[in-house]
Amino acid sequence: MRKNKKGLLIVISGPSGAGKGTIIKEIKNKIPDIAYSVSVTTRAPREGEVDGRDYFFRSYEQFKDMLHNNEFLETAEVYGNYYGTPRSYVEKLLMDGKDVILEIDTVGAENVKKQFPSAVLVFIVPPATKDLEARLDKRGTETDEVKARRLQASEKEFASIKKYDYVIVNNDLTDAVDDLLAIIRSTHCTVKLNSVLVHKFSGGK
Ligand code: 5GP
């Protein structure tokens with residue numbers, strides 16, 4: 001993949017059960033060089049989740065300490081738990097020219113866009129909202145109460161779609177992954193992200 005000097009920040013959001021995790025996994029297979037920012041959370045690990053791979057699982061006190069030490073790029077309270085993106089990891093990768101994927105909620109995405117206007121914001125939706133419940137059921141990791149809370153929250157999240165640059169309907173996994181690949185590739189070619197090149201070819205005018 002063509003590279004700009006600075007890496008591209010790709011922000012992925014979408015309701016619980018939209019298939020964000022699966023799409024990101026496929027993207028990592030297709031672009032091995034892309035980095036995924038592992039978030040810090042106060043939520044308890046689900047079965048099969050590994051500390052440092054899926055999340056950095058921390059206590060509320062540890063999270064608060066990190067917040068006070070300015071260790072987060074952004075944070076948000078989602079479904080009653082705290083989540084945050086580690087600042088130094090992301091900033092270093094971007095400076096090294098690596099593309100970085102963040103999988104964060106709509107509040108976090110808005111914060112990131114303010115700090116990194118060139119970040120590309122992508123919202124993933126399932127083909128129909130009724131599919132969300134089916135997908136959460138299939139995953140089988142949430143209690144009924146947590147599931148209900150997530151479904152309710154997804155309505156709020158849908159209201160934020162307008163703030164995103166792209167929306168992908170996850171009807172078919174292969175198509176959704178192709179769409180995201182196309183978005184990443186085309187964003188790399190935007191004039192905005194290629195100012196040095198544009199300056200050179202436009203004779204510095
Ligand atoms: P889950 O608990 O299902 O892994 O994630 C719940 C929600 O938190 C998802 O919408 C996910 O995108 C969001 N999330 C995960 N990590 C972060 C983070 O670092 N910052 C923000 N703002 N949201 C996050």
Side-chain angles (χ1 to χ4, degrees), residues 9-25 27-28 35-60 62-64 66-67 69-91 93-94 100-116 119-126 129 131-161 163-164 166-168 170 176 180:
L9 199 48
I10 302 131
V11 178
I12 309 286
S13 305
S16 214
K20 293 164 289 180
T22 315
I23 294 174
I24 292 170
K25 213 166 106 191
I27 288 288
K28 284 199 281 185
Y36 174 76
S37 164
V38 177
S39 294
V40 178
T41 184
T42 61
R43 149 167 100 59
R46 293 189 191 118
E47 214 182 299
E49 283 185 329
V50 176
D51 184 49
R53 184 192 69 187
D54 301 291
Y55 279 106
F56 295 108
F57 296 100
R58 297 292 180 264
S59 67
Y60 176 62
Q62 288 171 319
F63 191 93
K64 247 184 9 192
M66 292 179 78
L67 189 63
N69 295 332
N70 196 28
E71 290 178 44
F72 292 120
L73 200 64
E74 62 76 38
T75 60
E77 188 187 345
V78 191
Y79 316 128
N81 294 302
Y82 292 91
Y83 295 81
T85 303
R87 177 190 296 284
S88 59
Y89 176 75
V90 173
E91 286 181 346
L93 286 168
L94 291 176
V100 184
I101 297 189
L102 306 182
E103 197 234 289
I104 61 178
D105 83 324
T106 51
V107 175
E110 221 178 306
N111 273 332
V112 167
K113 188 79 176 180
K114 278 185 200 143
Q115 298 175 64
F116 298 88
V120 58
L121 268 48
V122 183
F123 199 96
I124 314 264
V125 290
T129 38
D131 293 347
L132 278 179
E133 193 164 0
R135 285 183 196 209
L136 284 177
D137 277 340
K138 197 172 149 205
R139 193 159 80 184
T141 49
E142 272 80 19
T143 62
D144 283 351
E145 192 200 329
V146 171
K147 226 172 58 188
R149 200 160 4 137
R150 284 179 177 241
L151 289 171
Q152 208 180 22
S154 66
E155 284 173 27
K156 253 193 180 164
E157 287 172 335
F158 283 130
S160 301
I161 294 186
K163 293 178 183 156
Y164 282 70
Y166 296 95
V167 57
I168 296 176
N170 187 12
L180 186 53

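Here the structure is a predicted model, which means the values were calculated and not measured. Order of appearance sets the numbers: ligands from 1, and atoms from 1 within every ligand.
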**Student:** Who are the side chain to side chain donor-acceptor pair (under 3.5 Å) partners of Asp144, not counting sequence neighbours?
**Tutor:**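 Listed in chain order: nothing, the list is empty.
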
**Student:** So do the side chains of Leu121 and Ser13 get within less than 4.5 Å of each other, counting heavy atoms only?
**Tutor:**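 No; the side chains remain at least 4.5 Å from each other.
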
**Student:** Once side chain to side chain donor-acceptor pair (under 3.5 Å) is applied, do any residues pair with Glu110, and if so which ones, sequence neighbours excluded?
**Tutor:**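 Per chain and number, Glu110 pairs via side chain to side chain donor-acceptor pair (under 3.5 Å) with Lys163.
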
**Student:** With the side chain counted from C-beta on, respond yes when Asn170 and Thr22 share a heavy-atom pair under 4.5 Å apart, and no when they do not.
**Tutor:**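 A side-chain contact is absent here, since even the closest heavy-atom pair is not under 4.5 Å.
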
**Student:** Taking distance alone, no hydrogens or angles, what donor-acceptor pairs closer than 3.5 Å link side-chain atoms of residues 78-85 to residues at least two apart or in another chain?
**Tutor:**
{"unit_1": "Tyr83", "atom_1": "OH", "unit_2": "Arg43", "atom_2": "NE", "d": "3.4"}
{"unit_1": "Thr85", "atom_1": "OG1", "unit_2": "Glu74", "atom_2": "OE2", "d": "2.5"}

**Student:** At a heavy-atom distance under 4.0 Å, which protein residues reach ligand 1? Sort them by chain and number, would you?
**Tutor:**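 Correct list: Lys20, Ser39, Arg43, Arg46, Tyr55, Glu74, Ala76, Val78, Tyr79, Tyr83, Gly84, Thr85, Glu103, Ile104, Asp105, Gly108, Arg150.
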
**Student:** Under the criterion side-chain contact (heavy atoms from CB on, under 4.5 Å), I'd like the reasoning laid out for Phe116 against Val11: C-alpha separation, chi angles, the key distance, then a yes or no.
**Tutor:** CA-CA 11 Å; Phe116 298 88; Val11 178; over 6 Å; no

